[in-house]
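In what follows, a structure is listed as structure tokens, so that the remarks can point back to it.
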Amino acid sequence: MALRTLKRMTKALVAPALALGATVGLASAPAQAAVWSSCDQWGNTTLNGYTLYNNIWGSGAGSQCIWANSGTSWGVWANHPDTGGIKSYPNSKKYVGRTISGLSSLTSTYNVTVPSSGAYNTSYDIWDTDYDYETMLWVNYNGAVGALGTSQGTLTLGGNTWTVYKGNNGSNDVFSFLRSSDSTSGTIDILPILKWIANTKGWMSSSETIGDVQFGFEITSSSGGLDFAANNLTVSSS
């Protein structure tokens, strides 16, 4: 497990340069013309309140291109070798900027199309503004991937049943919630999960300010080139 924000981007700058061929961008484009696309390692843009990142950060990564029709409708084509270690986390994020105790709601809906091969997870990555705490919600996963830390058992929260893991990657605490069965669409009530972490377990304070709510595909391998799509994603808070 590793950082997926500016901290992680800084760390990844020391990684070897990636060969991101221009022809890959043509192969990865959606059937309709996208309003934005990028094959750059750190390619990013902001569309209707969401920020999209290509975000290729792991060592040994291959080629990857991201495209978007909007901040809530986007996809990625990735060709990463069948080796261990996370290669990328292409994602769309929305900034919240409220404390856990100050939130009255934080919800998200998702609809994705994912390949049947490769090694990856489809996940939310939720951060406090200081990047001390990382909460991951895996809605589906495939291949040789696993959560950081030790199992804390199972529970039902936010409209889903999860197996919970707690760990630390050397930079921040990581709380991972792995859905008991794979899902390609649904709604998650995120706030009860954050309150459970803060108020029930005491793993972080309810006065922590939630910053980025990211949603994307954490890809370990996608040999030969695979397509991932977030057909519809919404993040709402009050």
Side-chain angles (χ1 to χ4, degrees), residues 1-4 55 72-76 78 86-94 96 100 103 105-128 133-169 172-201 203-204 210 212-222 226-237:
M1 195 70 59
L3 298 179
R4 292 158 189 87
N55 197 22
T72 62
S73 174
W74 58 277
V76 65
I86 300 163
K87 309 302 190 303
S88 66
Y89 182 62
N91 70 85
S92 175
K93 78 171 184 180
K94 192 168 187 180
V96 175
I100 296 172
L103 281 164
S105 69
L106 178 57
T107 61
S108 179
T109 61
Y110 62 93
N111 181 295
V112 300
T113 301
V114 291
S116 58
S117 59
Y120 62 85
N121 68 66
T122 303
S123 57
Y124 291 87
D125 212 4
I126 303 160
W127 293 90
D128 68 297
Y133 304 100
E134 177 183 12
T135 301
M136 297 198 74
L137 312 177
W138 294 25
V139 297
N140 63 60
Y141 47 98
N142 190 73
V145 294
L148 176 71
T150 57
S151 175
Q152 307 294 308
T154 62
L155 78 159
T156 299
L157 272 177
N160 298 269
T161 299
W162 315 89
T163 300
V164 183
Y165 292 81
K166 182 178 184 290
N168 187 287
N169 61 22
N172 55 270
D173 288 335
V174 183
F175 316 123
S176 299
F177 292 70
L178 278 59
R179 199 175 187 276
S180 59
S181 60
D182 285 342
S183 169
T184 55
S185 64
T187 300
I188 296 180
D189 192 355
I190 299 172
L191 185 56
I193 295 172
L194 297 177
K195 286 186 173 181
W196 181 84
I197 293 170
N199 299 334
T200 303
K201 302 302 289 184
W203 293 342
M204 66 176 170
I210 300 302
D212 298 335
V213 175
Q214 300 172 303
F215 180 87
F217 309 100
E218 191 174 57
I219 306 171
T220 294
S221 67
S222 54
L226 297 175
D227 288 297
F228 303 78
N231 306 308
N232 187 48
L233 166 71
T234 64
V235 176
S236 303
S237 63

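Keep in mind that this is a model prediction, so the values were computed, not measured.
Looking only at distances, no side-chain donor or acceptor of Lys93 sits under 3.5 Å from a matching main-chain atom of Val213. The main-chain N or O of Glu134 is never found under 3.5 Å from a side-chain atom of Asp173 such that the two would form a donor-acceptor pair. Panel note: side chain Ser108, backbone Thr234; a donor-acceptor pair is recorded below 3.5 Å.
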Intermediate values then yes/no, side chain to side chain donor-acceptor pair (under 3.5 Å), Thr156 and Thr161: CA-CA 4 Å; Thr156 299; Thr161 299; 2.8 Å; yes
Candidate pair Ser117 and Leu226, rule side-chain contact (heavy atoms from CB on, under 4.5 Å), full reasoning: CA-CA 8 Å; Ser117 59; Leu226 297 175; 3.6 Å; yes
Asn231 vs Thr113, side chain to side chain donor-acceptor pair (under 3.5 Å): CA-CA, chis, key distance, verdict: CA-CA 7 Å; Asn231 306 308; Thr113 301; 3.0 Å; yes
Criterion side-chain contact (heavy atoms from CB on, under 4.5 Å) on Ser88 and Asn55, from CA distance to verdict: CA-CA 6 Å; Ser88 66; Asn55 197 22; 5.9 Å; no
Verdict with supporting geometry, Tyr110 and Thr187, side chain to side chain donor-acceptor pair (under 3.5 Å): CA-CA 7 Å; Tyr110 62 93; Thr187 300; over 6 Å; no
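For the residue pair Asn140 / Thr122, a side-chain donor-acceptor distance below 3.5 Å is found, with atom types taken as modelled. In summary, the side chains of Thr135 and Tyr124 do not present any donor paired with an acceptor at a separation below 3.5 Å, with no hydrogens or angles considered.
The two residues Tyr141 and Asp182 come nearest to each other via the heavy atoms N-OD1, 3.3 Å. In terms of heavy atoms, Ser183 sits closest to Gly186 at OG-N, 4.5 Å. The two residues Val96 and Ser237 come nearest to each other via the heavy atoms CG1-OG, 4.0 Å. Taking every heavy atom of both residues into account, Gly216 and Trp74 meet most closely at CA-CH2, 4.1 Å. Across Ser105 and Leu191, no two heavy atoms sit closer than the pair N-CD2, 3.7 Å.
Counting heavy atoms from C-beta on, the side chains of Tyr89 and Asp125 come closer than 4.5 Å. The closest side-chain heavy-atom distance from Ser123 to Val139 is not below 4.5 Å. Looking only at side-chain heavy atoms (C-beta outward), Leu148 and Lys166 stay at 4.5 Å or farther from each other. With contacts defined as side-chain heavy-atom distances shorter than 4.5 Å, the pair Trp162/Gln152 does not qualify. A 4.5 Å side-chain heavy-atom check between Ser176 and Val174 finds at least one atom pair inside the cut-off. In this structure, the side chains of Leu233 and Asn111 stay at 4.5 Å or more apart for every pair of heavy atoms. Within the 4.5 Å cutoff, the side chain of Val164 has no heavy atoms near those of the Ser151 side chain. Residues Val114 and Asn142 have side chains not in contact (no heavy-atom distance under 4.5 Å, counting atoms from C-beta outward).
Interatomic distance, Ile190 CD1 to Ile210 CD1, rounded to the nearest 0.5 Å: 9.5 Å. Leu157 contributes atom CG, which lies 10.5 Å from atom CG of Leu137 (distance to the nearest 0.5 angstrom). Here the CG-CZ distance, from Asp227 to Phe217, works out to 10.5 Å after rounding to the nearest 0.5 Å. Atom OG1 of Thr220 is separated from atom CG of Asn121 by 7.5 Å, given to the nearest 0.5 angstrom. Distance NZ/Lys87 to OG/Ser222: 8.5 Å, rounded to 0.5 Å. Note that the NZ atom of Lys195 and the CG atom of Leu106 stand 10.5 Å from one another [nearest 0.5 Å].
Only one option out of Asn160, Ile126, Ile188 pairs with Ile193 in a side-chain contact (heavy atoms from CB on, under 4.5 Å); it is Ile188.
Centroid-to-centroid, the aromatic rings of Phe175 and Tyr165 stay 6.0 Å apart or farther. Two rings, from Tyr133 and Trp127, have their centers 6.0 Å or more apart. Here the two rings, on Trp138 and Phe215, have centers that are 6.0 Å apart or farther.
Relative orientation of the Trp196 and Phe177 rings is perpendicular, given thresholds of 30° and 60° on the angle between their planes.
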